[in-house]
Participant: 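The structure that follows is given in the form of structure tokens.
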Amino acid sequence: MDIKNICCIGAGYVGGPTMSVIAAKCSHIRVDVVDVNKERIEKWNSKDLDNLPIFEPGLSDLVKKCRGKNLHFSTQVEKKINDADMVFISVNTPTKKNGIGAGKASDLKWVEACARQVATYSKKHTIVVEKSTLPVRTAEVIKSILNETAKNDLKKGKTFDVLSNPEFLAEGSAINDLINPDRVLIGGENEIAINSLSEIYLNWVPESKIIRTNLWSSELAKLSANAFLAQRISSINSISAICEATGADIREVSKAIGSDKRIGSRFLNSGPGFGGSCFKKDILNLVYLSEYFGLPEVANFWEGVVRLNDWQQNRISQLVVKKLFGNISGKKITILGFAFKANTNDTRESPAIKICNDLLEEGAFLSIHDPKVSPEQISSDLGLNQNLPITPKYPIEGNWRFTHKVEEALIDADAALILTEWPEYSKINWNNASRKMRKPAWLFDSRSIIDPKDINKQEINFWRVGDGIN
Ligand code: UDX
Ligand code: ADP
């Protein structure tokens, strides 16, 4: 089947970059990205390319190149489904808050809504591609909604194929991950549909990197890949605590472990715990699936990865309180970085949220800096508006303020805590910066971006994750 028109439902972190790359690599295909969120679409269409709804290196260049040519953003969901040969579902699948599976299973209401829309508005044979990460056997749900809803039109040629084509892009390197993928995974039942999708990727991905599987293997492979990556982070973070207790150094241990080719060196950086929209959600999904199929030992194993991650975040806030004499009430702490990792403005599940909330609860005043995250986003994540000094005697306990300049954020601070590995933080001259701080001043480096050799301990006390010499 020759694909000429693609419609992607969901203009978020996955849909936006993925479709921009497809449009850039396939000038013969028209790509329409649709979303119910009008404000988000307006931003995608914004003349100011610095104002796109997501920040991703290399993305604005692609949008500039293709937008208005073969890449279009709109809220015309029905019309674009109607025109499409292939529809990608890239909508949000957050963890369910209520009901059966609450706290673990994914909430599929947005995916279901998409399937109903496709069933209603498509007019011919349509290939439906699951792009969002979904629980295993979701394709069955989609298939049955499509076929039941369109029951009366199936004979008229309005038929469907469902494929699973999970994304493996990491935020901050999404464009590069899409242009040079380790693999493209396509799960499906119909060879013709699988070929149609692989033809698209073959415009820039070598055949050898395209893996074809059945639907369920593809869905499970995506969940498992994220669970394996997250597991490595919890493993190394567990060892970081042992390093601090014994005098070992986590960077040396990571290097020694990672030099074994069977293990590999990536994803062995100890830090404040993993964040991002995928890892926790996908592991909890795996836990739910294991419980559902009566496999409590498997569920327990994977749940341990999330428990360790929560513990690592908790450990860091407790440690800050302990080093500041067990009391941070009214003390100013500078938070460097709020995004869940560098090179993104995304804060979903960011360790900074839990750590900042713990410090606020202890009564600290946080001066928060991040080069890409907005103060509005931080307010929403912390559930607390920032406290602006409108009167000279504004309350400082248990409050926070956004500060645009790092130097300003450090004035009179008792401590600085690095939570995101933004490159600009590793360039700060801490011996100079500490002069602005209240003594005894502390620098806590949860990301290991500061070289201890650059720190004069007479000027500033220094702690970094997994450093047993602290
Ligand atoms: C992840 C997967 O990498 C990607 O394949 C999948 O499609 C979506 O989920 P992402 O969440 O964007 O991508 O970021 P990733 O780079 O994987 O980092 C996740 C979290 O782990 C971040 O908080 C990061 O800081 C942390 N991390 C990563 C570590 O703490 N140590 C490491 O060594 C690597
Ligand atoms: P992801 O990280 O998976 O891309 P996001 O939350 O960033 O998730 O983006 C998902 C997008 O999908 C949101 O912008 C949301 O408005 C959109 N969306 C959800 N359901 C629908 C729907 N039925 N039709 C159109 N857009 C939808």
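In listed order, ligands and their atoms are each counted from 1. Heavy-atom basis, side chains included; hydrogens, waters and symmetry copies ignored. Quick caveat, the model's predicted, so the values are computed rather than measured.
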Participant: Is there a side-chain contact between Ser164 and Leu185, using heavy atoms and a 4.5 Å cut-off?
Facilitator: no
Participant: Side chain, backbone, both or neither: which applies to Cys278 and ligand 1 if a contact is any heavy-atom pair less than 4.0 Å apart?
Facilitator: side chain
Participant: Assess the side chains of Arg315 and Gln318: does a donor N or O sit below 3.5 Å from an acceptor N or O?
Facilitator: no
Participant: Go through ligand 2 atom by atom and flag the ones less than 4.0 Å from a non-hydrogen atom of Ser90.
Facilitator: 10 (C)
Participant: Among protein heavy atoms, which sits nearest to atom 32 (C) of ligand 1, and what does the distance come to when rounded to 0.1 Å?
Facilitator: Asn269 O, 3.7 Å
Participant: For atom 5 (P) of ligand 2, find the nearest protein heavy atom and state the residue, atom name and distance (0.1 Å precision).
Facilitator: Arg40 NH1, 3.7 Å
Participant: Closer than 4.0 angstrom, basic N to acidic O: yes or no for Asp467 and Arg464?
Facilitator: yes
Participant: For atom 12 (O) of ligand 1, grab the closest protein heavy atom and report residue, atom and distance to one decimal in Å.
Facilitator: Glu171 N, 2.6 Å
Participant: Of all the heavy atoms in Gly275, does at least one lie under 4.0 Å from an atom in ligand 1?
Facilitator: yes
Participant: Kindly identify the option in Phe267, Phe340, Phe168, Phe274 whose heavy atom sits closest to atom 17 (O) of ligand 1.
Facilitator: Phe267
Participant: Any cation-pi pair here, Arg183 with Phe168, using under 6.0 Å and within 45°?
Facilitator: yes
Participant: Nearest 0.5 Å please: distance from the CG atom of Asn165 over to the OG1 atom of Thr18.
Facilitator: 9.0 Å
Participant: Which ligand 2 atoms, with their elements, are less than 4.0 angstrom from a heavy-atom of Asn37?
Facilitator: 16 (O)
Participant: For Lys222, state whether at least one heavy atom is located under 4.0 Å from any atom of ligand 1.
Facilitator: yes
Participant: Can you tell me if Lys4 has over 12 outside heavy atoms packed within less than 6.0 Å of its NZ?
Facilitator: no
Participant: Does Phe88 have Lys131 sitting over its ring (NZ/CZ under 6.0 Å from centre, angle to axis within 45°)?
Facilitator: no
Participant: Should the pair Arg67 and Trp44 be classed as cation-pi, given the thresholds of under 6.0 Å to the six-membered ring centre and 45° from the axis?
Facilitator: no
Participant: Can you tell me which portion of Asn226 lies within the under-4.0 Å heavy-atom range of ligand 1? Options are side chain, backbone, both, or neither.
Facilitator: side chain
Participant: If you measure from each non-hydrogen atom of Asp177 to ligand 1, which part falls under 4.0 Å: side chain, backbone, both or neither?
Facilitator: neither
Participant: For atom 4 (C) of ligand 1, what's the nearest protein heavy atom and its distance?
Facilitator: Leu169 O, 3.5 Å
Participant: Which value, rounded to the nearest 0.5 Å, describes the distance between Lys151 atom NZ and Asn147 atom CG?
Facilitator: 10.5 Å
Participant: With heavy atoms under 4.0 Å as the rule, classify the contact between Arg266 and ligand 1 as side chain, backbone, both or neither.
Facilitator: neither
Participant: Should Lys104 and Glu303 be marked as a side chain to side chain contact (heavy atoms under 4.5 Å, CB included) after you check the CA-CA gap, both sets of side-chain angles, and the distance that decides it?
Facilitator: CA-CA 10 Å; Lys104 287 184 187 146; Glu303 204 162 16; 3.5 Å; yes
Participant: Taking both backbone and side-chain atoms of Glu421, is any N or O found less than 3.5 Å from an N or O belonging to ligand 1?
Facilitator: no
Participant: Please could you name the atoms of ligand 1 that Arg447 approaches to less than 4.0 Å, counting only its heavy atoms?
Facilitator: 25 (O)
Participant: Considering Asp282, Thr420, Ile233 one by one, which has a heavy atom nearer to atom 27 (N) of ligand 1 than any of the others?
Facilitator: Ile233
Participant: Looking at atom 15 (C) of ligand 2, what's its closest protein heavy atom, distance included?
Facilitator: Asp35 OD1, 3.5 Å
Participant: Between atom CG of Asn98 and atom CG of Asp107, what is the distance when rounded to the nearest 0.5 Å?
Facilitator: 9.0 Å
Participant: Of the backbone atoms (N, CA, C, O) and the side-chain heavy atoms from C-beta on, which set of Arg348 has a member under 4.0 Å from an atom of ligand 2: side chain, backbone, both, or neither?
Facilitator: side chain
Participant: Any side-chain donor-acceptor pair under 3.5 Å between His125 and Asp161?
Facilitator: yes
Participant: Tell me, which protein residue and heavy-atom name are nearest atom 19 (C) of ligand 1, and how many Å apart are they?
Facilitator: Phe279 CE1, 3.5 Å
Participant: Just which atoms of ligand 2 are under 4.0 Å from any heavy atom in Trp110?
Facilitator: 19 (C), 20 (N)
Participant: What do you reckon, does Val14 have a nitrogen or oxygen under 3.5 Å from a nitrogen or oxygen of ligand 2?
Facilitator: yes
Participant: Just need the protein heavy atom nearest to atom 23 (N) of ligand 2, so name the residue and atom and give the distance.
Facilitator: Gln117 OE1, 3.2 Å
Participant: Determine whether the aromatic ring centres of His369 and Phe338 lie less than 6.0 Å apart.
Facilitator: no
Participant: Polar-atom distance check: Ser277 versus ligand 2, any N or O pair below 3.5 Å?
Facilitator: no
Participant: Which residue owns the protein heavy atom closest to atom 16 (O) of ligand 1, what's the atom, and how far is it?
Facilitator: Lys341 NZ, 2.8 Å
Participant: Any idea which protein heavy atom is nearest atom 6 (O) of ligand 2, and the distance to it?
Facilitator: Asn92 CB, 3.7 Å
Participant: Identify the closest protein heavy atom to atom 21 (C) of ligand 2: which residue and atom is it, and at what distance?
Facilitator: Val91 CG1, 3.7 Å
Participant: For ligand 2, which atoms, with element, lie under 4.0 Å from some heavy atom of Ile9?
Facilitator: 22 (C), 24 (N), 25 (C), 26 (N)
Participant: For Ala416 and Leu410, work out which heavy atoms get closest and say how close.
Facilitator: CB-CD2, 3.8 Å
Participant: Side chains of Asp370 and Trp422: is there a donor and an acceptor less than 3.5 Å apart?
Facilitator: yes
Participant: Nearest to atom 26 (N) of ligand 2, what protein heavy atom do you find, and at what distance?
Facilitator: Val36 N, 3.3 Å
Participant: Looking at Tyr121, I'd like to know if the NZ or CZ of Lys79 sits under 6.0 Å from its six-membered ring centre while staying within 45 degrees of the ring's axis.
Facilitator: no
